[in-house]
**Q** 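What follows is a single structure, and I will ask about it in a moment.
Positions are given from 1, in the same order as the sequence printed here.
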Amino acid sequence: MKYLLMIYDNPETRAVFFGEEGAPLMAEMDAIMAELKESGELVDTAALADPASTKVVRSDGVVTDGPLAEAKEHFGGYLIVDVESEERALEIAARWPKVHTPMEVRPLLGEGGEM
């Protein structure tokens with residue numbers, strides 16, 4: 001079963017990860033990524049650019065800057081994993097180094113729309 005693990009962050013958490021104190025967090029992240037690659041569970045991953053570069057295309061075709069101004073956290077990156085169970089996806093998310101931001105775990109539908 002494939003799961004999308006959505007990483008949320010904000011300017012403060014990005015500053016921690018990419019600042020001087022971020023080295024242990026990055027090492028933790030690298031270790032998890034190496035484990036997922038070795039086990040074959042990692043399907044895809046990407047970090048997203050600064051949210052200030054986000055554009056939103058509304059249903060009426062109007063393009064606006066995003067994300068929403070009232071959002072405290074933004075979608076900062078993702079992992080797609082192919083694991084045996086939801087419990088394994090949740091275990092990976094729980095181990096991911098976070099600085100007071102959540103990680104959302106969502107099952108992906110298969111080719112025919114099945115879970």
**Q** First locate atom CD1 of I92, then atom CG of L36, and finally report the distance between them rounded to the nearest 0.5 Å.
**A** 4.5 Å
**Q** Cut-off 3.5 Å, no hydrogens considered: what does the side-chain donor-acceptor table look like for residues 41-49, sequence neighbours left out?
**A**
| residue | atom | partner | partner atom | Å |
| --- | --- | --- | --- | --- |
| E41 | OE1 | S39 | OG | 2.8 |
| E41 | OE1 | R88 | NE | 3.4 |
| E41 | OE1 | R88 | NH2 | 2.8 |
| E41 | OE2 | R88 | NE | 3.0 |
| D44 | OD2 | Y78 | OH | 2.9 |
| T45 | OG1 | Y78 | O | 2.8 |

**Q** Would you give the length of the straight line joining atom CG of L108 to atom CE of M1, rounded to the nearest 0.5 angstrom?
**A** 7.0 Å
**Q** Can you find a pair of side-chain heavy atoms, one from L5 and one from W96, that are under 4.5 Å apart?
**A** no
**Q** Rounded to the nearest 0.5 Å, how far does CZ of F75 lie from CG of D9?
**A** 10.0 Å
**Q** Using a 4.5 Å cut-off on heavy atoms from C-beta on, say whether the side chain of E86 contacts that of P107.
**A**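 SC-SC contact between P107 and E86 ruled out.
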**Q** Any side-chain heavy atom of M33 sitting closer than 4.5 Å to one from L79?
**A**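 M33 vs L79: side chains touch.
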**Q** Is there a side-chain contact between R106 and M6, using heavy atoms and a 4.5 Å cut-off?
**A**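 A side-chain contact under 4.5 Å exists here.
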**Q** Which heavy atom of I32 sits nearest to which heavy atom of P97, and what is that distance?
**A**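 Taking I32 first and P97 second, the nearest heavy atoms are CD1-CD, 4.0 Å.
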**Q** What is the minimum heavy-atom distance between R95 and E35, and which atoms define it?
**A** NH2-OE1, 2.8 Å
